[in-house]
*Asks:* 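Before I ask anything, here is the structure I am working with.
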Amino acid sequence: QVQLVESGGGLVQPGGSLRLSCAASGSIFRTYIMRWYRQAPGKPRELVAGITSGGITNYADSVKGRFTISRDNAKNTVYLQMNSLKPEDTAVYYCHAETVTFVSWGQGTQVTVSS
């Protein structure tokens, strides 16, 4: 069973930055497709960003140009660098891993953007 543990959330002012981390178990992390989702109160969970084993990335239109997803396979960790944060970015952010045979979710980390 693959475990995912998010960290790095917190309270920031509009225009600020945060870097989220997701540490994964497993010896074949480099093969996982990794994604970040988020869910704001009263709204559906949405895909924020994804990165393939080959480093190909994609982003939701709402975060393009502001967020960057990356991975360090030697550390079994995926990151989400969030810049120019807006109040509408406030949500619980979840790490997600996918292979041919399983999907795994982290417990989530709270990001709050407020003055």
Side-chain angles (χ1 to χ4, degrees):
Q1 198 76 16
V2 173
Q3 292 184 302
L4 305 173
V5 181
E6 301 98 334
S7 62
L11 173 64
V12 296
Q13 296 185 17
S17 297
L18 283 174
R19 188 180 74 160
L20 306 184
S21 298
C22 173
S25 66
S27 299
I28 55 172
F29 174 80
R30 64 180 181 84
T31 72
Y32 304 165
I33 298 172
M34 301 299 298
R35 298 182 175 93
W36 287 97
Y37 288 78
R38 68 185 181 187
Q39 187 166 27
K43 296 184 178 180
R45 188 170 299 187
E46 65 172 340
L47 176 64
V48 176
I51 185 167
T52 71
S53 61
I56 305 300
T57 60
N58 59 71
Y59 300 91
D61 288 342
S62 58
V63 306
K64 284 181 180 177
R66 300 188 297 120
F67 291 10
T68 303
I69 188 171
S70 61
R71 66 194 298 159
D72 186 338
N73 291 335
K75 297 181 178 179
N76 276 23
T77 302
V78 64
Y79 304 95
L80 186 68
Q81 179 67 47
M82 304 184 294
N83 299 324
S84 302
L85 283 161
K86 305 175 180 179
E88 50 263 45
D89 295 318
T90 296
V92 177
Y93 284 71
Y94 297 92
C95 184
H96 178 273
E98 178 188 335
T99 72
V100 173
T101 56
F102 72 85
V103 296
S104 296
W105 291 90
Q107 291 298 116
T109 185
Q110 177 70 49
V111 172
T112 302
V113 185
S114 180
S115 299

*Asks:* Of all the heavy-atom pairs spanning S25 and V2, show the shortest one and how long it is.
*Replies:* OG-CA, 3.4 Å
*Asks:* Looking at every heavy atom in both M34 and A97, which two are closest together, and how far apart are they?
*Replies:* SD-CB, 3.6 Å
*Asks:* Measuring from I56:CD1 to I69:CD1, what's the distance to the nearest 0.5 Å?
*Replies:* 12.5 Å
*Asks:* Test: salt bridge (Lys or Arg N to Asp or Glu O under 4.0 Å). Region: residues 65-74. Which pairs qualify, not counting sequence neighbours?
*Replies:* R66-D89
*Asks:* Can you sort out the partners of S27 under side chain to side chain donor-acceptor pair (under 3.5 Å), two or more places apart, ordered by chain and number?
*Replies:* none
*Asks:* Sequence neighbours left out, what passes side chain to side chain donor-acceptor pair (under 3.5 Å) with R30? Give chain and number order.
*Replies:* none
*Asks:* Does anything in residues 42-52 pair up under side chain to side chain donor-acceptor pair (under 3.5 Å), and if so which pairs, sequence neighbours excluded?
*Replies:* R38-E46, Q39-R45
*Asks:* Per the ring pair (Phe, Tyr, Trp, His ring centres under 6.0 Å) rule, what does the pair list look like for residues 40-80, sequence neighbours excluded?
*Replies:* none
*Asks:* Considering residues at least two apart in sequence or located in another chain, which fulfil the ring pair (Phe, Tyr, Trp, His ring centres under 6.0 Å) criterion with Y32?
*Replies:* F29, F102
*Asks:* Any side-chain to backbone donor/acceptor pair from Q107 onto V5? Under 3.5 Å, distance only.
*Replies:* no
*Asks:* Can you name the side chain to side chain donor-acceptor pair (under 3.5 Å) partners of R19, sequence neighbours left out?
*Replies:* none
*Asks:* Going from CG on L4 to OG on S104, what distance comes out if it is rounded to the nearest 0.5 angstrom?
*Replies:* 5.5 Å
*Asks:* Scan residues 90-115 for pairs that pass salt bridge (Lys or Arg N to Asp or Glu O under 4.0 Å), counting only residues two or more places apart or in two chains.
*Replies:* R35-E98
*Asks:* So, S114 and T112: side-chain donor and acceptor under 3.5 Å apart, yes or no?
*Replies:* no
*Asks:* Passes side-chain contact (heavy atoms from CB on, under 4.5 Å), M82 versus L20? Steps please.
*Replies:* CA-CA 8 Å; M82 304 184 294; L20 306 184; 3.7 Å; yes
*Asks:* Does any pair with a residue in residues 44-92 pass disulfide bond (SG atoms under 2.5 Å apart), and if so which ones, sequence neighbours excluded?
*Replies:* none
*Asks:* Does atom CD of Q13 have more than 12 heavy-atom neighbours, drawn from other residues, nucleotides or ligands, at distances under 6.0 Å?
*Replies:* no
*Asks:* List, by chain and then residue number, the residues other than V92 in its hydrophobic cluster (Ile/Leu/Val/Met/Phe/Trp/Tyr, side-chain heavy atoms under 4.5 Å); write none if there are no others.
*Replies:* Y37, L47, Y94, W105
*Asks:* Looking at OG1 of T109 and CG of L80, how far apart are the two atoms once the value is rounded to the nearest 0.5 Å?
*Replies:* 11.0 Å
*Asks:* Could you tell me which residues satisfy side chain to side chain donor-acceptor pair (under 3.5 Å) with N58, sequence neighbours excluded, listed by chain and number?
*Replies:* none
*Asks:* Main chain of V113, side chain of T90: is a donor-acceptor contact present, judged purely on distance under 3.5 Å?
*Replies:* yes
*Asks:* Suppose we screen for side-chain contact (heavy atoms from CB on, under 4.5 Å). Which residues come up paired with S17, at least two apart in sequence or across chains?
*Replies:* Q81, N83
